[in-house]
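Below you'll find the structure, written out as structure tokens, and then a few comments.
Chain naming here is simple, since letters A, B, ... match the order of the sequence lines and numbering starts at 1 in each. All figures in this text were calculated on a predicted structure; none of them were measured in a lab.
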Number of protein chains: 2
Amino acid sequence: MTTAARYHAPVPRPSVEAERRKQILDAACAMIAKHGLQELRVAEVATAAGLSSGTVHYYFDTKKELVNAAFEYNFANSLERRKWLRRAAGDPLERLREIIESYLPGKGKSLRAWRVWAELWAEGMRDPALRAVNESLYGQWRDLVRDTIAAAQHEGSAREGDPEQLANMLIGMVDGLAMQVLLHARAMPQQRMRETCAAFIDQLVAAKGD
Amino acid sequence: MTTAARYHAPVPRPSVEAERRKQILDAACAMIAKHGLQELRVAEVATAAGLSSGTVHYYFDTKKELVNAAFEYNFANSLERRKWLRRAAGDPLERLREIIESYLPGKGKSLRAWRVWAELWAEGMRDPALRAVNESLYGQWRDLVRDTIAAAQHEGSAREGDPEQLANMLIGMVDGLAMQVLLHARAMPQQRMRETCAAFIDQLVAAKGD
DNA sequence: TCGATAACTGAATGGCGAGTCAAGTATTAG
DNA sequence: CTAATACTTGACTCGCCATTCAGTTATCGA
């Protein structure tokens, strides 16, 4: 053949990869939150995303890869949804209360995110990659809470004490109580979790004469 | 037929069921702690118990049944191992510290039990039967901590405040921090969890002039 | 329209593992 | 020893589902 095709600039279709990946990961998170990792089916993710199973594998070689990416996506989303918390001005103590409020397992996105996290925790006990994702969120969350407490102390609206330790107490408490809320424990509906966290802040963080 | 076999008292072999079930459930817990529910294999449980897979199915019709029983077994074991905490005499505040110490995810039995619990949490978000198991432990644990705090208050070694709420703060914190310890979070090794819990008791539970 | 590549499809494959079962073995009282 | 029942085995079946792949379609610049 004399095909002197070399004059043709290779002009492929523009990439839709970024968009498609998001679409798939979003569906994956939804399915993980709904049915758990245990019963996650690649075909189901595909359907939920309006695609064929083949397409999912076009973007993610294995199920494991898909799941890990979904966890990271869920993590990134959590951060994204809470960017405003960093910039927020005003009374740091009040801001701390808002931060905690925003982390209560509520409805919609928040509930979904918590469920996915709970799955990650279980799976993370074995998978180092998932542990790294947890490390990231845990770290960022702790930093946010610690800095806010420190700011309140600086302002005099919070009593003295190691802010990192206080932050660890608070986020540990939030995680543990959230788990019980997710499990629909009778003794721990969302409202009680809210009150319990608020009481902690009032009693241990806020300055006495507040 | 002339088979007047009715004079034979039906005398079966004595049951080894109780023993065998324990043996299987213990192996199941070990496997759940080691590999997670995700990769739990009935055949593997059988091998770990020194039995054939057929025998496991002789005592547990389905895998789900086995798993649920294993969770209950793990729960019952936790209670059993901590019976002494109820009876223990002496300074209630000191007892509270011992209780928390005994719940730190340490080595051996304790670590295994925590891992199994973490799996139960994830699974419990969908399975009502497992939620009931959680409800039971959570309830008993909360009662133990609440009563101990109340006793300390009665004695004057703990400050005033709703003991149930304080108990919820403390056990929530323990659960959340334990999760991070299990995940090997850099910022939360076992020793830091110990310190953090101790600090909570010192600062929020213990009476000022203690 | 063509050539080139990206994106997509869904039927087919292959492996895995829960659950079954027919065939044993063990222990008892009589 | 015999009959009765409890217990045990492990090879086999059968369905499910991740993954593959040969083929199709879409979109681009020229």
Would you say [X] places a side-chain N or O within less than 4.0 Å of OP1 or OP2 belonging to [N]?
X: B:Arg20; N: D:dA6; value: no
X: B:Thr55; N: D:dC7; value: no
X: A:Tyr58; N: D:dT20; value: no

In terms of side-chain heavy atoms of [X], which of [options] is nearest?
X: B:Tyr59; options: C:dA18, C:dC8, D:dC7; answer: D:dC7
X: B:Leu51; options: C:dT9, C:dA18, D:dT9; answer: D:dT9
X: A:Lys63; options: D:dT8, C:dA7, D:dA18; answer: D:dA18
X: B:Thr62; options: C:dT9, D:dC7, C:dG19; answer: C:dG19
X: B:His57; options: C:dA7, D:dT19, C:dG19; answer: C:dG19

- Message: Please determine whether the number of non-hydrogen atoms from other residues, nucleotides or ligands lying under 6.0 Å from atom CZ of A:Arg126 exceeds 12.
- Response: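 Yes, CZ of A:Arg126 has more than 12 neighbouring heavy atoms, counting only those of other groups under 6.0 Å.
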- Interface with DNA chain C, restricted to residues 23-43 of chain A and to heavy atoms under 4.0 Å: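 Contacts with DNA chain C under 4.0 Å: none.
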- Taking only Lys NZ, Arg NE, NH1 and NH2, and the carboxylate oxygens of Asp or Glu, determine whether B:Arg97 and B:Asp202 approach each other closer than 4.0 Å.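 Between B:Asp202 and B:Arg97 there is a salt bridge, with a charged N closer than 4.0 Å to a carboxylate O.
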- Return the set of residues passing salt bridge (Lys or Arg N to Asp or Glu O under 4.0 Å) with A:Lys109 (not counting sequence neighbours), or none when no residue passes.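 Not a single residue meets the salt bridge (Lys or Arg N to Asp or Glu O under 4.0 Å) criterion with A:Lys109.
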- Query: A:Gln180 and B:Asn168: side-chain donor and acceptor closer than 3.5 Å?
  - Reply: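 No pair is found: no donor N or O on one side chain lies under 3.5 Å from an acceptor on the other.
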- Candidate list B:Trp117, B:Tyr103, B:Phe75, test ring-ring contact (aromatic ring centres under 6.0 Å, His included), partner B:Trp141, passing option: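 The ring-ring contact (aromatic ring centres under 6.0 Å, His included) with B:Trp141 is passed solely by B:Tyr103 among B:Trp117, B:Tyr103, B:Phe75.
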- Heavy atoms under 4.0 Å, any strand shown: does A:Phe60 hit a base, just sugar-phosphate, or nothing?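 Result for A:Phe60 = nothing.
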- Quiz item: cation-pi between A:Arg20 and A:Tyr58, 6.0 Å / 45°: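 Relative to the ring axis of A:Tyr58, which defines the angle, A:Arg20 lies outside at least one limit.
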